[in-house]
Amino acid sequence: MKMTNEQKYRLLEQVEPQELEQLRELVSQCHWRERYHIQPSIGLLNDPNGFAYYNGQYHLFYQWFPLGTDHGMKYWYHLKSNDLVNWEDCGIGLKPGDWFDSHGAYSGSGLEHDGKLYLMYTGNTRDEQWQRHPYQCLAVMNAADEVSKLEQPVIGGVPEGYTDHYRDPKMWKDGDTFYCVIGAQRQELTGTAVIYSSPDLRNWNWVGELQTELPSFGYMWECPDYFEQNGQAVLLFCPQGIEPDGERYRNIYQSGYMVGKPLALPDLHFEHGAFHELDHGFDFYAPQTAEGRNGRRVLVGWMGLPDIDYPTDNQGWAHALTLPRELELRSDGILLQRPVPELALRRGQHHDLRDVLTADAGSRQYGGFAGTAYELLCTFGYLDAVGQQAVFRLELRASEHERTVLLYNAASRMLTLDRTESGQPLAEAYGTTRSVLLEQQLHQLHIFVDVSSIEVFVNDGEAVLTSRIFPQPDSEDIVFSVQAGQVELYAEKWEYPAE
Ligand code: FRU
């Protein structure tokens, strides 16, 4: 049942305990709860926020609407970790409800300064006519994880030339100056990003609109992020309103990056290359990066999309965050994304296998290779010219009636993720397959399966496909086959035990 706006914009203290109890009860009956991904206890999770390495730990927040699976009053929910694997639940980080965030503490970022973690976010407000009025706000967290909001926004209102879609500040520091990039919509309804500077994170000055080579690329850019690595710069953003183009841009909204020359602000010109999608799966949006220990760059995304119905919507909760990925910017401007090595801390029982798969041999299953929550690392070799024509197929979460399929065609170098038969369907209007053309022959699939998700890392960082899937609990099989040619396979699997 859809909630009214009045119901959606209540604060937690305005809610009867029974209502939350009912949600908890619903959630407890759901068999699609993830085993090792960050997910909300009840309600809806969306963007990762405030991701930062502070005071010797990784801090991560997410957008949280506790009262249902619509988008309503958003809080920031806080977690922290020593290793990006085991997360401590720190409860609510930012609470909305002041005049400048009366309708939600929307997305934003975290940056360490003077021994504190500064959190800059968008205060969402609506007036009586339900017109949106965004403010950019600041909160400061101390080493005891106590957060206090400033009593006034640090950027009030929206400058001339932009609409009220003006949000998601992401901060960084260059020399002695702080900067933030904000996602915006121009008055003529095209998406862009704008930049402010600050000497102290409290006083912000308008620098201007980023000058890119994409003057008309979608109607809104959400969740921009900017960082530099090895003398190159990366701008991440989520353009909305991009039409599908073959296998590209097939989700409702996109999420990608452009690599270029480091900005020389206040010069706003950004000299950059093409826009690349960050992920080729069905469910990935609003990623955010943080600089970790030793200057490493780690990315976490939302394993979901706005404006799509999900099968758990009537079960009291929705969505999860992706696993953290470490980014490496290749000199030719391609971002490699690898699961952070710390994930190995989760590994439980190990199985491995070595085999040569041929079309004649039919499909194969192996002892220990089954389950609903595990890591699977497959390494491929192609023996001869026959291998170059191989068609390799891997079924996961499979049973008689369900399967999530990865299909690789060596002749075309096309890798396809097919969720047509994954289980309960979702977002079918956007298609049930996603494909990516690989630069080089498939040699590695590094797969993380959880109860209702799959993340597929390809060729040591070349591509990632992230998707939710909603199979029955007993769809556990892993089935290997080759439909043409022959493939040499080495596979390792680690069980991911429940905490
Ligand atoms: C992206 C987004 C952001 C906004 C937040 C609100 O998913 O729409 O632009 O700040 O979600 O929850």
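Small disclaimer: the values here were computed from a predicted structure and weren't measured. Both counts, for ligands and for their atoms, begin at 1 and track the order of listing.
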Give me the residue, atom name and distance of the protein heavy atom closest to [atom].
atom: atom 12 (O) of ligand 1; answer: Q63 OE1, 2.6 Å
atom: atom 10 (O) of ligand 1; answer: D168 OD1, 2.5 Å
atom: atom 2 (C) of ligand 1; answer: D47 OD2, 3.4 Å
atom: atom 8 (O) of ligand 1; answer: E222 OE2, 2.8 Å

Distance in Å, [X] [atom1] paired with [Y] [atom2], rounded so as to fall on 0.5 Å steps:
X: L23; Y: Q315; atom1: CG; atom2: CD; value: 12.0 Å
X: L278; Y: F284; atom1: CG; atom2: CZ; value: 5.0 Å
X: S198; Y: N205; atom1: OG; atom2: CG; value: 7.0 Å

* To do: Could you tell me whether the side chains of N49 and W76 share a donor-acceptor contact shorter than 3.5 Å?
  => yes

* **Structural part of N46 in contact with ligand 1, heavy atom criterion under 4.0 angstrom** => side chain

* Looking at R167, which atoms of ligand 1 are within less than 4.0 Å of one of its heavy atoms? -> 3 (C), 4 (C), 9 (O), 10 (O)

* Relative to the heavy atoms of W302, which atoms of ligand 1 are at a distance of less than 4.0 Å? -> 7 (O)

* Asked: Taking distance alone, with no angle check, do S107 and ligand 1 share an N/O pair under 3.5 Å?
  -> yes

* Asked: Taking distance alone, with no angle check, do Y106 and ligand 1 share an N/O pair under 3.5 Å?
  -> no

* Take atom CG of D245 as the centre, draw a 6.0 Å sphere, and report whether it contains more than 12 heavy atoms from other residues, nucleotides or ligands. => yes

* Asked: Hey, is F65 one of the residues with a heavy atom under 4.0 angstrom from ligand 1?
  -> no

* Going through the distances and angles, do E328 and R296 end up as a salt bridge (Lys or Arg N to Asp or Glu O under 4.0 Å)? -> CA-CA 8 Å; E328 182 194 326; R296 71 198 289 220; over 6 Å; no

* **Steps toward side chain to side chain donor-acceptor pair (under 3.5 Å) verdict (Y58, D83)** => CA-CA 8 Å; Y58 290 94; D83 53 20; over 6 Å; no

